Amino acid sequence: MKTFPKKTHLTRDNIWLKEPEDHDFPAAQDYLELLFQPDEVEKMVEKLKAAPTIIKKSKDILRVHFKSLWWIFFKSFLWFT
């Protein structure tokens with residue numbers, strides 16, 4: 001008889017790390033360089049490295065993300081009309 005591992009309940013403590021890892025900053029830099037000039041991005045990343053980590057609820061992050069996507073869709077809709 002095959003046994004399955006016990007389900008673990010996901011909490012913020014076992015999903016998210018307490019602090020960003022070193023490889024997160026080059027990834028952030030790559031993304032930010034799509035939006036800003038490279039010299040600006042270097043300054044931003046240095047500030048990110050020095051900044052304290054704050055905790056936000058994921059629903060708040062997703063809400064902001066979808067609002068920005070909605071605005072892009074709305075502007076493109078206006079462009080076509």
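It should be emphasised that the depicted structure is a prediction, and the values quoted were computed from it without experimental measurement.
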N/O donor to acceptor pairs below 3.5 angstrom from side-chain atoms of residues 19-40, sequence neighbours left out:
residue: E19; atom: OE1; partner: T53; partner atom: OG1; Å: 2.7
residue: E21; atom: OE1; partner: H23; partner atom: NE2; Å: 2.6
residue: D24; atom: OD2; partner: E21; partner atom: N; Å: 2.7
residue: Q29; atom: NE2; partner: E33; partner atom: OE2; Å: 3.4

Query raised in the report: With sequence neighbours left out, which residue pairs that include part of residues 45-54 fulfil the salt bridge (Lys or Arg N to Asp or Glu O under 4.0 Å) condition?
Result: E46-K49

Query raised in the report: Who else is in I54's hydrophobic cluster (ILVMFWY, side-chain heavy atoms under 4.5 Å, direct or via others)?
Result: none

